[in-house]
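First the proteins, then the strands, lettered A, B, ... as listed; each starts at 1.
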Amino acid sequence: MADDKKLTTRAEDFSAWYNEVVLRAELADYSPVKGSMVIRPNGYGIWERMQRALDDKFKATGHVNAYFPLLIPESFMHKEAQHVEGFAPECAVVTHGGGKKLEEPLYIRPTSETIIYHMFAKWVQSYRDLPILMNQWANVVRWEMRTRLFLRTLEFLWQEGHTAHATHDEAEAEAKMILGQYRDFMENWMAMPVVTGLKSESEKFAGALRTYCLEAMMQDNKALQAGTSHNLGQNFAKAFELKFQAESGEIEHAWNTSWGVSTRMVGGLIMTHGDDNGLVTPPKLAPIEVVIVPIWKTDDERAKMVEAANKLKAELTGWSGRGEDRLRVHVDARDGMRSGAKYYEWELRGIPLRLELGPKDLEKQSVFSARRDTRVKAAIPMEGVAPAVAQLLASIQADLFTAAKARRDAATHRGDITYDRFKEIMEGPGGFVYAGWNGDPAVEAQVKEETKATIRCIPDEEFRSPNAPKTCMVTGQPAKYEVVWAKAY
RNA sequence: CGGGACGUAGCGCAGUCCGGUAGCGCACCUGAAUGGGGUUCAGGGGGUCGCGGGUUCGAAUCCCGCCGUCCCGACCA
């Protein structure tokens, strides 16, 4: 921050830019405990909008919310072999309580499969008790060595869905259905394009049969895993004796899924849409969609313009053209701050649309608008201002997605790419590279070692190249899959 | 845990080499003017200079020890 007022630009130093946006837009702040953070109202407001939209989707697809406890007996963590192997190193463990050493240490949940399937086992006897479609909003703790605001912190907020089904196919359908819900949310609410697909064996969730994921591209061309959905098979059901009597009379193990998205998405939002002036929030997730800045010179004028601004706000919020989803409007009537300074501040905070209302506008019976995304300005007639504003917001929402998708596609490489060319891309601008892979984990490890890029996913059909590579990029052997490579957060 | 840097006001820093009254910018408070893209002037508040010890008449500055933070690597929603 050479200039106290200007942000470091994305081109200068992307990660410095990111940190400055988070801190200066007051989305979050560092907490006294290294690696954990405080989510401030501006950031939490976005998370609340995310929660509401997702929660509605979960409810609409038949899920119910519950809450399971933070502390998990150590023995539970050890019941599923891969799970404990994957998570034990990053767990925080409570060894003392009430001033005494505990008989059995308690793990602070890094995720809740173990406790939840233990409970499900208590609740399920018959196929008639299935499926269980449950979700919880919770915090989890993972003792990361290297942390970044929103993207990786010791503690974070998320939702974790957990379901139990009578058959493999039903669980598989659930895991994929949720993936679709996430995708819809990311595209239509976050305006963030994603590639959906399957994780390779080495990248899948500890204890899962298969992990599906959504991968987004940030403006520095690195990938961000924005969400995951797992088909857990019967792994946890066997470990926790989650059994039921089938219609046939046989005792069978249930089939589970789990799926989650976290406050990491706020980081994804920032890095997808932010610009050198700060945050850019898609209207649907903006706690405030419209800020009205009244403009005045004298005290008399101030009273008049603040009144006019409040009247405008009332007209906007009173408009029912969006049904229950009323326009979210704020009037910035602060005295002692120039309008220009207010503009910069609201731009930093990513408010999608600014309306300036001064004596001249009032005279002309119009209001002056400025879009946050394109910074295009235009007068809007007072007559019919609400639908016009709603229309502008809808355009901003749509244009953000289009722009983000164009950026991603411009940094996506397909076709027969040699390993040398691949290295050039990864050392240089980065991006998504679609390439053939023979399916050998050793090749995957080698590429990771040599280039720091990883297989983000085996993409779902609609994302695959029309002419999929026939050979493995590294070995030249026949390709088993087309995969997406990228450096990732 | 290995490699590098740094701890001075809320934030960003100068001062440290060469010991001598703790400073600057931003932010904050008060007042006045200003007011359609970061306003100006005047006044003001705020710091055990990371902690502990040593050298010295005197330490932010020199010496020893400790602690902490950040960046790079090993792990990762």
Taking only the [atom1] atom of each, what is the distance from [N] to [M] in whole angstrom?
N: B:C11; M: B:U30; atom1: C1'; value: 23 Å
N: B:U56; M: B:A22; atom1: P; value: 22 Å
N: B:A14; M: B:G54; atom1: P; value: 30 Å
N: B:C49; M: B:C62; atom1: P; value: 15 Å
N: B:C57; M: B:C41; atom1: C1'; value: 45 Å
N: B:G12; M: B:C71; atom1: P; value: 13 Å
N: B:G44; M: B:C6; atom1: C1'; value: 33 Å
N: B:G23; M: B:U16; atom1: C1'; value: 14 Å

Reckon [X] touches a base, only the sugar-phosphate, or nothing at all at heavy-atom distances under 4.0 Å?
X: A:Trp296; value: base
X: A:Gly358; value: base
X: A:Lys342; value: nothing
X: A:Pro359; value: base
X: A:Thr228; value: nothing
X: A:Leu23; value: nothing
X: A:Arg375; value: base
X: A:Arg142; value: base

Let's test this: given Watson-Crick or G-U wobble pairing with both distances under 3.5 Å, identify the partner of [N].
N: B:G38; result: none
N: B:C49; result: none
N: B:C75; result: none
N: B:A5; result: B:U69
N: B:C28; result: B:G44
N: B:G19; result: none
N: B:G58; result: none

Rounded to whole angstroms, how far apart are [atom1] on [X] and [atom2] on [N]?
X: A:Tyr344; N: B:A27; atom1: OH; atom2: C1'; value: 19 Å
X: A:Asp299; N: B:U34; atom1: CG; atom2: C1'; value: 12 Å
X: A:Met337; N: B:C29; atom1: CE; atom2: P; value: 12 Å
X: A:Arg372; N: B:G37; atom1: CZ; atom2: C1'; value: 13 Å
X: A:Asp29; N: B:G10; atom1: CG; atom2: C1'; value: 11 Å
X: A:Tyr30; N: B:C71; atom1: OH; atom2: P; value: 7 Å
X: A:Tyr489; N: B:A77; atom1: OH; atom2: P; value: 16 Å
X: A:Lys360; N: B:G37; atom1: NZ; atom2: C1'; value: 13 Å

[X] side-chain proximity, nearest of [options]:
X: A:Gln225; options: B:G38, B:A77, B:G36; result: B:A77
X: A:Arg338; options: B:G37, B:A77, B:G36; result: B:G36
X: A:Lys6; options: B:G38, B:G37, B:G36; result: B:G38
X: A:Thr153; options: B:G35, B:A77, B:G36; result: B:A77
X: A:Glu347; options: B:G37, B:G36, B:A77; result: B:G37
X: A:Lys452; options: B:G36, B:G73, B:G38; result: B:G73
X: A:Met145; options: B:A77, B:G36, B:A74; result: B:A74

Aromatic ring pairing [X]/[Y], orientation class (parallel under 30°, perpendicular over 60°, tilted between):
X: A:Phe156; Y: A:Trp158; answer: perpendicular
X: A:Phe58; Y: A:Tyr182; answer: perpendicular
X: A:His78; Y: A:Tyr107; answer: perpendicular

B:A77 pyrimidine/purine six-ring stacking with A:Phe156, under 5.5 Å and 30°:
yes

Does the ring of A:Tyr343 lie flat against the base of B:G37, closer than 5.5 Å centre to centre with planes under 30°?
no

ring-ring contact (aromatic ring centres under 6.0 Å, His included) partner of A:Trp485, chosen from A:Tyr434, A:Trp437, A:Phe422:
A:Phe422

Give me the one residue out of A:Lys59, A:Arg52, A:Gln51 that meets side-chain hydrogen bond (donor to acceptor under 3.5 Å, both in side chains) with A:Asp55.
A:Lys59

Select from A:Ser339 and A:Ala226 the residue whose nearest nucleotide in RNA chain B is closer to the 5' end of that strand.
A:Ser339

Identify, between A:Arg354 and A:Ser262, the residue whose nearest nucleotide on RNA chain B lies closer to the 5' end.
A:Arg354

Does [X] make a side-chain donor-acceptor contact with the base of [N], cut-off 3.5 Å?
X: A:Glu356; N: B:G37; answer: no
X: A:Asp335; N: B:G35; answer: yes
X: A:Lys377; N: B:G37; answer: yes

When you look at A:Phe120 and A:His162, which way does the ring-ring contact (aromatic ring centres under 6.0 Å, His included) test go after all the steps?
CA-CA 10 Å; A:Phe120 279 11; A:His162 293 274; 7.3 Å; no

Aromatic contact between A:Tyr117 and A:Phe236, with the criterion being ring centroids under 6.0 Å apart: yes or no?
yes

Treating A:Glu80 as the side-chain partner and A:Gln82 as the backbone partner, does any N or O pair qualify as donor plus acceptor under 3.5 Å?
yes

For the OG1 atom of A:Thr281 and the CD1 atom of A:Ile288, what is their distance to the nearest 0.5 Å?
10.0 Å

